[in-house]
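Residue numbers count from 1 along this sequence. Just so you know, ligand 1 is whichever comes first in the structure, and atom 1 is the first atom listed for that ligand.
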Amino acid sequence: MKRFVDLADFSREQVLELLALARRLESHPEPRALAGKILGLVFFNPSLRTLASFQVAMMRLGGGSFVINPGQGTWQLETRRGVVMNGAAAEHVREGIPVLASYCDALGIRAFAEGKDLQSDLAETAFNSMIGLLDKPVVNLESAVNHPCQALADWKTMDELEVPRDGRFVLSWAYHPRALPLAVPAAAVHMAAMRGMEVVVLRPEGFALPPAIMQRARHAAAASGGSVRETSDRAEALRGAQVLYAKEWGATEHYGDGAADARLRGALTDWCVREDWFAAAPGCHVMHCLPVRRNTAIADEVLDSARSVVQREAYNRLPAQMAVLHQLLRS
Ligand code: CP
């Protein structure tokens, strides 16, 4: 494996092999597997889980890591091509990223969507321009419309919970005071489709996922025997569901227009996941990638119940990423 930037780059069988390796590394630790190897971690945006779990993954495999938060103790890095650099950024990624890569054996990059131009974000313009500078293994720590490490951990979590391969997976929009990126919903819907599940995207009017994201998921479902559809009928979507994956995201039709998005979402505060959502899905698990705003996206009564598996998802980032690093750096 040369890079881990998108689950779609792998066949279903290859993902199952990665998950088997993750389980093996949990039961049979390999504390010297990556001895002498260094992972560079560049975070243009904040993190708790990704930052900590990648550092720990390298330590548990015998390697080391360094972390760069551009602009926080280091030079601010410019990502745009062709700009006159007379602003805050002292260095361009075209110099900075290859320099960092020259110090390590693999580089992870987190660069969220700019949230201004949907087509540019769907094309992963900023992220792709950076990884295009690298001739070393690279890991996507969350880009504009992808979060493959989260998706791999979520797949592992569902396997552990014995969620049937063809079970119903409901990706539900959840309220947040502002528009959040599409990376996690896009990755989650694709992952569940690739797993072979009956995927239902439950969202209020105005919050349909972009057609390109739905089309990609449908393509994955066609190969795995799953299906993908969308609805705004919560009762119908949740009837008999095995998983509700809650996530907040912005309105596609108002992408880049915070005021218009805010007007639309202002009336949707009832899209906070509560226990009474599950009357017809008593065994349904609730997933969320975290961080989550309590009593905004998901109510305390759900997060603090046995229904919530958010801690297990977060823990699974560690073994899933250990498997990714093992594959990238061991050979
Ligand atoms: N789920 C996730 O990626 O968490 P962080 O943003 O804290 O890394």
Side-chain angles (χ1 to χ4, degrees), residues 4-7 18-19 22 39-60 65-72 106-115 121 124 126-127 130 138-158 160-161 169 171-174 176-192 213 243-250 273 285-294 296-298 302-303 308-325:
F4 188 75
V5 300
D6 185 349
L7 223 52
L18 263 178
L19 293 169
L39 173 69
L41 294 162
V42 182
F43 283 88
F44 286 89
N45 313 96
S47 169
L48 186 147
R49 279 144 291 274
T50 310
L51 172 62
S53 58
F54 264 105
Q55 290 178 287
V56 172
M58 282 304 287
M59 284 190 277
R60 289 216 183 278
S65 60
F66 65 82
V67 176
I68 298 291
N69 303 113
Q72 296 173 42
L107 197 69
I109 301 175
R110 168 168 282 198
F112 287 176
E114 284 194 6
D121 285 341
E124 298 281 17
F127 185 77
M130 285 190 272
V138 58
V139 184
N140 182 346
L141 307 179
E142 187 174 339
S143 58
V145 290
N146 220 325
H147 198 350
C149 297
Q150 183 68 51
L152 190 64
D154 290 339
W155 187 323
K156 182 174 187 294
T157 302
M158 286 196 284
E160 288 171 358
L161 295 167
F169 178 98
L171 170 69
S172 176
W173 188 85
H176 190 281
R178 61 186 174 79
L180 294 191
L182 293 161
V184 171
V189 78
H190 181 267
M191 174 275 298
I213 290 173
V243 171
L244 178 140
Y245 197 110
K247 190 65 193 87
E248 314 85 333
W249 67 84
V273 181
H285 301 291
V286 171
M287 301 180 75
H288 189 287
C289 63
L290 303 181
V292 66
R293 291 186 181 222
R294 282 178 168 257
T296 301
I298 307 179
V302 174
L303 278 169
S308 167
V309 297
V310 299
Q311 292 287 347
R312 187 187 279 247
E313 285 177 85
Y315 161 72
N316 271 326
R317 295 291 302 277
L318 178 57
Q321 291 160 192
M322 284 169 68
V324 169
L325 293 168

Contact (N/O only, under 3.5 Å) between [X] and ligand 1:
| X | result |
| --- | --- |
| Pro46 | no |
| Pro291 | no |
| Leu51 | no |

Closer than 4.0 Å to some heavy atom of [X] - which atoms of ligand 1 meet that?
| X | answer |
| --- | --- |
| Arg317 | 1 (N), 2 (C), 3 (O) |
| Thr50 | 2 (C), 3 (O), 5 (P), 8 (O) |
| His147 | 2 (C), 3 (O) |
| Leu290 | 1 (N), 2 (C), 4 (O) |
| Leu48 | 5 (P), 7 (O), 8 (O) |
| Cys289 | 1 (N) |

Side-chain donor or acceptor of [X] paired with backbone N/O of [Y] under 3.5 Å:
| X | Y | result |
| --- | --- | --- |
| Glu313 | His288 | yes |
| Arg110 | Glu142 | no |
| Glu124 | Ala144 | yes |

Using only heavy-atom distances, determine whether the side chains of Asn316 and Glu160 contain a donor-acceptor pair under 3.5 Å.
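On atom types as modelled, these side chains qualify, holding a pair under 3.5 Å.
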Which pair of heavy atoms, one from Ala188 and one from Leu171, lies closest together, and at what distance?
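The pair with the smallest heavy-atom distance is CB-CD1, 4.4 Å.
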If you count the non-hydrogen atoms of other residues, nucleotides and ligands that lie under 6.0 Å from CZ in Arg294, is the total more than 12?
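Above 12, so yes.
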Neighbour count above 12 (heavy atom, 6.0 Å) for Arg312 CZ:
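Yes, CZ of Arg312 has more than 12 neighbouring heavy atoms, counting only those of other groups under 6.0 Å.
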Out of the candidates Trp155, Trp173, Phe169, only one should pair with Tyr245 under the ring-ring contact (aromatic ring centres under 6.0 Å, His included) rule; please name it.
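Answer after filtering Trp155, Trp173, Phe169: Phe169.
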Given that the side chain starts at C-beta and the backbone is N, CA, C, O, which of these parts of Arg110 lies under 4.0 Å from ligand 1, counting heavy atoms, or is it both or neither?
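The side chain, only.
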At a non-hydrogen distance cut-off of under 4.0 Å, which region of Val184 contacts ligand 1 (side chain, backbone, both, or neither)?
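Contact part for Val184 vs ligand 1: neither.
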In the protein, which heavy atom is nearest to atom 4 (O) of ligand 1, and how far is it?
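Protein heavy atom with the smallest distance to atom 4 (O) of ligand 1: Arg49 NE, 2.9 Å.
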